[in-house]
A.B. asks: 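Got a structure here, written out as structure tokens. Questions coming.
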Amino acid sequence: MPELPEVETVRRGLSELIIGKAIASATNDTPKSFPNTQTDVKQFMIGAKVTAIRRRAKVLMIDLSTEYSLVIHLKMTGQLVYVGTKDRFGAGHPNDSLVNALPDKSTRVTIGFDDDSQLFFNDQRKFGWVKLMPTLEIPNLPFMKKVGPEPLEAEFTPQQFRDRFRRRARTNIKAALLDQSVVAGVGNIYADEALWGAKIHPTRLTGSITDDEFEALYTELREVMNLSIEKGGSSNRNYVNAEGKRGSYMDFARVFRREGLPCPRCGTTIEKSRVAGRGTHICPFCQVA
DNA sequence: CACTTGACCTGTCCGC
DNA sequence: TGCGGACAGGTCAAGT
């Protein structure tokens, strides 16, 4: 899925596109994608205006004027694509080929606004979900209670970063990085990219990582995520932003999905293996087990 | 508790 | 071209 930079890119895009609009309709395919009752939808969603769009970890929240929110997780293949009226009915828009194709077989939820524009939640693998709930209850969700700090917040220090890993001392550093209760928002792409940047082998025991290495990992993780946000995220396969466009971070990736190619730092051939149940990319020269 | 593995789904790619 | 298996950006429920 979309990791922190991708979800943040969607958040920023949607903020420009739908804040202030009123919801006129909502349809969905299965209760799995959108488990609310029609009564809930009528009472708290239809007629409501979008007041704010927030992100916590990889979760997106669309706040409504009814004090309810749409809480959304894109998981592996989720997309939120907005189609404006000009795009939809006017000719010659650069995205015509894509927007005219929506909804498609992966569309799970369609939200219509009062100006006839639409927001599509597409999800090929059906792992993702959209849920309508009271805004004030969001912090009570089990995920929100356990999720760790936002790594890009200015007040998040290298010392806090290092201390968060104590609970995962006996597992490998990659599994710890992917654990959302340690630090929020890290997924498979940025875990590999940050470990390469900090020259740490992903199978190293978390308890063996030195203070200097934690500091390097902290710096690299923030740099790689900030760069990705700047580039509009990573489009490995399915990810697109709120306008249906792909991000360009993959053009800048140093190891992720680059097995067989030379390490940009030393030229050694990048290798792919499996760590923490996930495809993992390393430079075997720069990152020593 | 900490840790690992399988399950949830569909689509695509790769080797035979 | 067909078919089986592995794999894909995430999380959770089980198991040890």
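Per chain, numbering begins at 1; letters A, B, ... match sequence-line order. Just so you know, these numbers use all the heavy atoms, side chains as well, and skip hydrogens, waters and symmetry mates.
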A.B. asks: Which is true for Arg274(A) with a 4.0 Å heavy-atom rule: it touches a base, it touches only sugar-phosphate, or it touches nothing?
C.D. replies: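 Sugar-phosphate contact only - Arg274(A) comes under 4.0 Å of backbone atoms but never of a base.
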A.B. asks: Let me know which of Thr206(A), Thr203(A), Asn188(A), Asp179(A) forms a side chain to side chain donor-acceptor pair (under 3.5 Å) with Lys174(A).
C.D. replies: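 Testing each of Thr206(A), Thr203(A), Asn188(A), Asp179(A) against Lys174(A), the sole residue satisfying side chain to side chain donor-acceptor pair (under 3.5 Å) is Asn188(A).
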A.B. asks: Can you identify which nucleotide, out of dC7(C), dC12(C), dG10(C), has its nearest atom closest to the Phe143(A) side chain?
C.D. replies: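 Nearest to the side chain of Phe143(A) among the choices is dC12(C).
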A.B. asks: Are Ile282(A) and Leu217(A) connected in the hydrophobic side-chain network, where two residues link if heavy atoms are under 4.5 Å apart?
C.D. replies: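 No.
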A.B. asks: Students often get this wrong, so: under 4.0 angstrom with heavy atoms, is Gly279(A) touching a base, only sugar-phosphate, or nothing?
C.D. replies: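 It contacts sugar-phosphate atoms only.
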A.B. asks: Look at the side-chain N and O atoms of Lys126(A) and state whether any lies under 4.0 Å from the OP1 or OP2 oxygen of dC8(B).
C.D. replies: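 False: Lys126(A) side-chain N/O out of range (4.0 Å or more) of dC8(B) OP1/OP2.
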A.B. asks: How long is the line joining CG of Asp104(A) and P of dT10(B), in whole Å?
C.D. replies: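 It works out to 14 Å between those atoms.
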A.B. asks: How many angstroms lie between atom NZ of Lys126(A) and atom CZ of Arg108(A), to the nearest 0.5 angstrom?
C.D. replies: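 It comes to 5.0 Å.
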A.B. asks: Rounding to an integer number of Å, can you tell me how far Ile72(A) CD1 sits from dG10(C) P?
C.D. replies: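 Answer to the nearest Å: 18 Å.
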A.B. asks: What contact category does Ser106(A) fall into here, base, sugar-phosphate, or nothing, at under 4.0 angstrom with non-hydrogen atoms?
C.D. replies: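 Ser106(A): no heavy atom of the nucleic acid under 4.0 Å.
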A.B. asks: Find the distance His73(A):NE2 to dC8(B):P and express it as a whole number of Å.
C.D. replies: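 Nearest whole value for this atom pair: 19 Å.
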A.B. asks: What is the distance, to the nearest angstrom, from the NZ atom on Lys58(A) to the C1' atom on dG10(C)?
C.D. replies: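 To the nearest whole Å, that distance equals 6 Å.
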A.B. asks: With a 6.0 Å cut-off on the ring centroids, do Phe165(A) and Tyr218(A) count as close?
C.D. replies: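 Centroid separation for Phe165(A) and Tyr218(A): 6.0 Å or greater.
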A.B. asks: What stems, by residue range, does DNA chain C take part in, given at least 3 consecutive Watson-Crick or G-U pairs under 3.5 Å?
C.D. replies: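 The stems are B:2-8 with C:10-16, B:10-16 with C:2-8.
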A.B. asks: Counting neighbours of CZ on Arg170(A) that are heavy atoms of other residues, nucleotides or ligands and sit closer than 6.0 Å, is the number greater than 12?
C.D. replies: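 No, the 6.0 Å shell around CZ holds no more than 12 heavy atoms from other groups.
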A.B. asks: Using whole Å, what does the distance between atom C1' of nucleotide dA8(C) and atom CE of Met250(A) come to?
C.D. replies: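 Going from CE in Met250(A) over to C1' in dA8(C) covers 12 Å.
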A.B. asks: Using atom names, set out every protein N or O paired with an N or O of nucleotides 1-4 of chain B below 3.5 Å, distance rounded to 0.1 Å.
C.D. replies:
| from | atom 1 | to | atom 2 | distance (Å) |
| --- | --- | --- | --- | --- |
| dC3(B) | OP1 | Arg170(A) | N | 2.6 |
| dC3(B) | OP1 | Thr171(A) | N | 3.3 |
| dC3(B) | OP2 | Arg167(A) | O | 3.0 |
| dC3(B) | OP2 | Arg168(A) | NE | 2.6 |
| dT4(B) | OP2 | Thr171(A) | OG1 | 2.7 |

A.B. asks: For Phe256(A), answer base if it contacts any base atom (sugar-phosphate contacts may also be present), sugar-phosphate if it contacts only those atoms, and nothing otherwise; contact means non-hydrogen atoms under 4.0 Å.
C.D. replies: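 Sugar-phosphate contact only - Phe256(A) comes under 4.0 Å of backbone atoms but never of a base.
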A.B. asks: Is the phosphate of dT10(B), meaning OP1 or OP2, less than 4.0 Å from a side-chain N or O of Lys105(A)?
C.D. replies: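 It does not, given that no N or O in the side chain of Lys105(A) lies less than 4.0 Å from OP1 or OP2 of dT10(B).
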A.B. asks: If the cut-off is 4.0 Å, is Gln180(A) near the phosphate of dT11(C), judged by side-chain N/O to OP1 or OP2?
C.D. replies: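 Yes, such a contact exists.
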A.B. asks: Which part of the nucleic acid does Gly277(A) contact within heavy-atom distance under 4.0 Å: base, sugar-phosphate only, or nothing?
C.D. replies: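 The answer is nothing, as Gly277(A) stays clear of every strand by at least 4.0 Å.
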A.B. asks: Please state how far atom CG in Asn236(A) lies from atom P in dT12(B), giving the value in whole angstrom units.
C.D. replies: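 Going from Asn236(A) (CG) to dT12(B) (P), I get 14 Å.
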A.B. asks: Would you say whether Phe127(A) stacks on dC9(B)? The test is a distance between ring centres of less than 5.5 Å and an angle between planes of less than 30°.
C.D. replies: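 Per 5.5 Å and 30° rule: no stacking.
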A.B. asks: Specify the separation, in whole Å, of atom CG of Asp123(A) and atom P of dC9(B).
C.D. replies: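 Roughly 11 Å, once rounded to whole Å.
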A.B. asks: With rounding to the closest Å, how many angstrom separate the C1' atoms on dT12(B) and dT11(C)?
C.D. replies: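 The same atom, C1', in both gives a distance of 23 Å.
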A.B. asks: Decide if atom CD of Gln159(A) counts as having more than 12 heavy atoms of other residues, nucleotides or ligands within a radius under 6.0 Å.
C.D. replies: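 Result for CD/Gln159(A): enclosed.
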A.B. asks: I'd like the P distance from dC9(B) over to dC3(C), given in whole Å.
C.D. replies: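 It comes out at 25 Å once rounded to the nearest Å.
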A.B. asks: Heavy-atom distance under 4.5 Å between the side chains of Met45(A) and Tyr68(A), does that happen here?
C.D. replies: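 A side-chain contact is absent here, since even the closest heavy-atom pair is not under 4.5 Å.
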A.B. asks: For the residue pair His73(A) and Trp129(A), does the interplanar ring angle fall in the parallel (under 30°), tilted (30 to 60°) or perpendicular (over 60°) class?
C.D. replies: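 The arrangement is tilted - the two ring planes meet at 30° to 60°.
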A.B. asks: From the options dG10(C), dG11(B), dA8(C), select the nucleotide whose nearest atom is closest to the side chain of Gln124(A).
C.D. replies: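 So the nucleotide nearest the side chain must be dG11(B).
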A.B. asks: What is the distance, rounded to the nearest whole Å, between atom CG of Leu177(A) and atom P of dT11(C)?
C.D. replies: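 After rounding, the gap between these two atoms is 13 Å.
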A.B. asks: Using a cut-off of strictly less than 4.0 Å, decide whether Lys146(A) has a side-chain nitrogen or oxygen near OP1 or OP2 of dT11(C).
C.D. replies: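 Indeed not, no polar side-chain atom of Lys146(A) lies that close.
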A.B. asks: Would you compute the distance between atom CG of Asn236(A) and atom OG1 of Thr77(A) and round it to the nearest 0.5 angstrom?
C.D. replies: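 It is 12.0 Å, given to the nearest 0.5 Å.
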A.B. asks: Once rounded to the nearest 0.5 Å, what's the spacing between atom OH of Tyr82(A) and atom CD1 of Ile18(A)?
C.D. replies: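 One gets 8.0 Å once the value is rounded to the nearest 0.5 Å.
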A.B. asks: Among Leu64(A), Ile62(A), Thr37(A), whose side chain to side chain contact (heavy atoms under 4.5 Å, CB included) with Leu132(A) holds?
C.D. replies: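 Output: one option passes, namely Leu64(A).
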